[in-house]
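Here is the structure we will look at, set down as structure tokens.
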Amino acid sequence: MLAGRRVAVLTGAGISTDSGIPDYRGPDSPPSNPMTIRQFTSDPVFRQRYWARNQVGWRHMDDTLPNAGHRALAALERASVVTGVITQNVDLLHTKAGSRNVVNLHGTYTRCGGMLKPDIVYFGESVPKAIVAKAYSLIDQAEALLVAGSSLTVFSGYRFVRHAAALGIPIAIVNRGPTRGDDLATVKVDGGCSELLALLASELAGAPVPTPIR
């Protein structure tokens with residue numbers, strides 16, 4: 001389905017689990033209660049708790065290395081197969097792996113502004129319009145959409161699958177367990193991202209290289 005096409009990629013937490021970063025909704029995920037933007041901005045106690053945990057979490061995140069799935073997508077971008085990656089993750093692992101055209105939909109752990117708050121989109125907070133527009137543009141220029149490691153439970157990622165479906169471009173989903181977009185997928189593979197994306201990269205390496213959009 002993807003051979004010979006320009007492919008936009010949407011990734012979620014499932015692509016980073018093999019790097020040691022747990023996801024939110026996978027079958028083996030521990031219970032989680034993520035902090036909302038209202039809690040963070042309205043109560044200094046919540047902010048104090050967040051930054052106390054972040055002192056530990058930051059070091060782990062900074063030391064984490066990309067896995068075979070991240071490296072496969074970077075290789076496919078260098079081969080002009082993948083046109084760019086829209087990621088719901090804040091871990092910067094796509095950039096560490098060498099991907100250049102990355103839309104960090106929910107921000108990253110390395111930028112702050114205003115109130116001492118990470119440049120991360122919290123639960124309950126809207127993604128900046130310019131970021132959303134850039135992500136939609138990436139889909140518009142693609143001939144297929146690959147979703148890797150996202151349950152698509154959160155609308156901020158699911159909307160791009162709906163957009164691709166409205167455009168009539170094929171959608172492939174790789175994820176452990178069901179996703180919200182399964183009924184829109186042309187192909188759904190239930191499995192881990194590292195091994196399947198590495199296999200995909202080796203398969204597509206021999207496919208005709210699509211002409212980049214000017």
Side-chain angles (χ1 to χ4, degrees), residues 2 5-17 19 21 23-24 34 37 61 64 66-67 69-113 117-167 169-175 179-181 184-185 193 197 200-201 210 212-214:
L2 299 177
R5 298 179 187 267
R6 292 182 294 269
V7 181
V9 181
L10 172 66
T11 67
I15 196 173
S16 296
T17 54
S19 291
I21 300 176
D23 61 10
Y24 283 105
I37 184 61
M61 191 79 72
T64 300
N67 60 52
H70 299 103
R71 294 193 297 270
L73 293 180
L76 288 172
E77 183 183 16
R78 290 193 296 272
S80 298
V81 175
V82 165
T83 58
V85 176
I86 305 163
T87 184
Q88 300 170 94
N89 302 332
V90 299
D91 53 33
L92 284 175
L93 291 180
H94 286 297
T95 300
K96 288 182 179 180
S99 291
R100 290 187 288 267
N101 189 18
V102 181
V103 179
N104 293 297
L105 195 62
H106 295 159
T108 75
Y109 268 101
T110 60
R111 299 187 307 271
C112 299
K117 168 189 174 295
D119 186 17
I120 293 171
V121 178
Y122 282 66
F123 284 82
E125 187 178 11
S126 298
V127 178
K129 290 182 179 180
I131 300 295
V132 175
K134 186 176 180 181
Y136 274 130
S137 177
L138 206 159
I139 304 291
D140 290 338
Q141 297 178 62
E143 295 170 324
L145 173 64
L146 171 63
V147 179
S150 176
S151 65
L152 301 172
T153 302
V154 179
F155 184 74
S156 66
Y158 177 58
R159 61 181 148 190
F160 301 114
V161 175
R162 292 181 56 181
H163 187 66
L167 293 175
I169 67 174
I171 300 163
I173 298 177
V174 176
N175 190 64
T179 82
R180 189 179 178 184
L184 299 177
C193 292
L197 292 180
L200 179 66
I213 292 178
R214 301 296 181 188

- Query: Which heavy atom of Val103 sits nearest a heavy atom of Ala135, and at what distance?
  - Reply: CG1-CB, 4.2 Å

- Can you name the residues that form a side-chain hydrogen bond (donor to acceptor under 3.5 Å, both in side chains) with Thr83, not counting sequence neighbours? none

- If you look at every heavy atom in Ala185 and Ile173, which pair is closest and at what distance? CB-CD1, 3.8 Å

- Query: Do Asn175 and Leu152 come close enough that some side-chain heavy atom pair is under 4.5 Å?
  - Reply: no

- Message: Could you report the tightest heavy-atom contact between Ala201 and Leu76, atom names first, then the distance?
- Response: CA-CD2, 3.8 Å

- Note on the structure: Nearest heavy-atom approach of Val132 to Phe160 is O-CE2, 4.1 Å

- Spacing of CG belonging to Asn101 relative to OG1 belonging to Thr95, to within rounding of 0.5 Å: 10.5 Å

- Message: Taking the side chain as everything from C-beta on, heavy atoms only, tell me whether Val81 gets closer than 4.5 Å to Leu2.
- Response: no

- Message: A side-chain contact here means heavy atoms from C-beta on lying under 4.5 Å apart; do Leu146 and Leu73 qualify?
- Response: yes

- Using atom types as modelled and distance alone, determine if a side-chain donor or acceptor of Thr179 lies under 3.5 Å from a backbone N or O of Gly181. yes

- Task: Find the distance between OG1 (Thr11) and CG (Asn89) and round it off to the nearest 0.5 Å.
- Result: 5.0 Å

- Item | With His94, the side chain to side chain contact (heavy atoms under 4.5 Å, CB included) member among Glu77, Arg100, His70, Arg71 | His70

- Query: When you look at Val90 and Asn104, which way does the side-chain contact (heavy atoms from CB on, under 4.5 Å) test go after all the steps?
  - Reply: CA-CA 7 Å; Val90 299; Asn104 293 297; over 6 Å; no

- Any donor-acceptor N/O pair, Lys96 side chain to Asp91 backbone, under 3.5 Å: no

- Task: Dump the intermediate steps for side-chain contact (heavy atoms from CB on, under 4.5 Å) on Leu93 and Asn67, then the final yes or no.
- Result: CA-CA 8 Å; Leu93 291 180; Asn67 60 52; 5.6 Å; no

- Message: Nearest 0.5 Å, please: how far is CG in Leu200 from SG in Cys193?
- Response: 11.0 Å

- Task: Kindly compute the distance separating CD1 (Ile171) from CD1 (Ile169), expressed to the nearest 0.5 Å.
- Result: 6.5 Å

- Note on the structure: So side-chain hydrogen bond (donor to acceptor under 3.5 Å, both in side chains) across residues 158-167, not counting sequence neighbours, yields Asp140-His163

- Query: Looking at Gly12 and Gln88, what are the two nearest heavy atoms and their distance?
  - Reply: CA-NE2, 3.8 Å

- Check Ile139 against Leu167 and note the closest heavy-atom contact, atom names and distance. CG2-CD1, 4.1 Å

- Task: Verify side-chain contact (heavy atoms from CB on, under 4.5 Å) between Ile15 and Leu197, making sure each step is shown before the conclusion.
- Result: CA-CA 9 Å; Ile15 196 173; Leu197 292 180; 3.7 Å; yes

